[in-house]
Amino acid sequence: MTALEDFVGKLASADAARGLDRSVSCRLTDLGQVVRGRLATGAVHDMTAVPDGPMVPKADIRLTMASDDLLALTSGELSFTPAWASGRVKLEAGLRDMLRLRSLL
């Protein structure tokens, strides 16, 4: 949870994220968990973990990765772009959010 709050918190505090108010989730494939929260007012709020399943509502911005990749991203051992290009990390969002996130990642 701490690693995800750190990763999303860095996104939220960037200038390009100013004024952004979106739900965000991260599906941790190896743990069977989805961590959900809100990216707003320059920070991440209300992060909670729920069991993965078909009843988990879709967030506006959705990340999917293994927990080891999340830890590597937050520690700086793994860069987002190569991880995304290789399929280790998946990012789903609307077109407007994708364009905005592009400058953040």
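Position 1 is the first residue of the sequence, and the numbers go up from there. Note that this is a predicted model, so its numbers are computed, not measured.
- With sequence neighbours left out, Leu71 forms a side chain to side chain contact (heavy atoms under 4.5 Å, CB included) with Ala3.
- Applying the side chain to side chain donor-acceptor pair (under 3.5 Å) test to residues at least two apart or on different chains, the pairs with a partner in residues 40-54 are Arg27-Asp52, Thr41-His45.
- Asp68 contributes atom CG, which lies 10.0 Å from atom CD of Glu77 (distance to the nearest 0.5 angstrom).
- Val56 and Arg36 make their closest contact through CG1-CD, 4.0 Å (heavy atoms, listed as atom of the first residue, atom of the second, distance).
- Note: Thr29 OG1 to Arg88 CZ = 11.0 Å, rounded to the nearest 0.5 Å.
- Closest heavy-atom contact between Ala72 and Ser75: O-OG, 3.2 Å.
- Distance check: Ser25 OG to Glu92 CD gives 8.5 Å after rounding to the nearest 0.5 Å.
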Query raised in the report: Are Val50 and Met55 close enough, and set up right, to give a side-chain contact (heavy atoms from CB on, under 4.5 Å), and what steps lead you there?
Result: CA-CA 10 Å; Val50 296; Met55 299 304 290; over 6 Å; no
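- Closest non-hydrogen pair, Ser67 versus Leu31, comes out as CB-CD1, 3.9 Å.
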Query raised in the report: Does the pair Asp21 and Leu39 meet the rule for a side-chain contact (heavy atoms from CB on, under 4.5 Å), with working shown?
Result: CA-CA 6 Å; Asp21 184 4; Leu39 184 79; over 6 Å; no
Check residues 57-66 and write down every donor-acceptor pair under 3.5 Å in which the side-chain atom is one partner and the other belongs to a residue at least two apart or another chain.
from: Asp60; atom 1: OD2; to: Ser23; atom 2: N; distance (Å): 3.0
from: Asp60; atom 1: OD2; to: Ser23; atom 2: OG; distance (Å): 3.2
from: Arg62; atom 1: NH1; to: Ala59; atom 2: O; distance (Å): 2.6

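- Counting heavy atoms from C-beta outward, Val34 and Leu28 have side chains that stay 4.5 Å or more apart.
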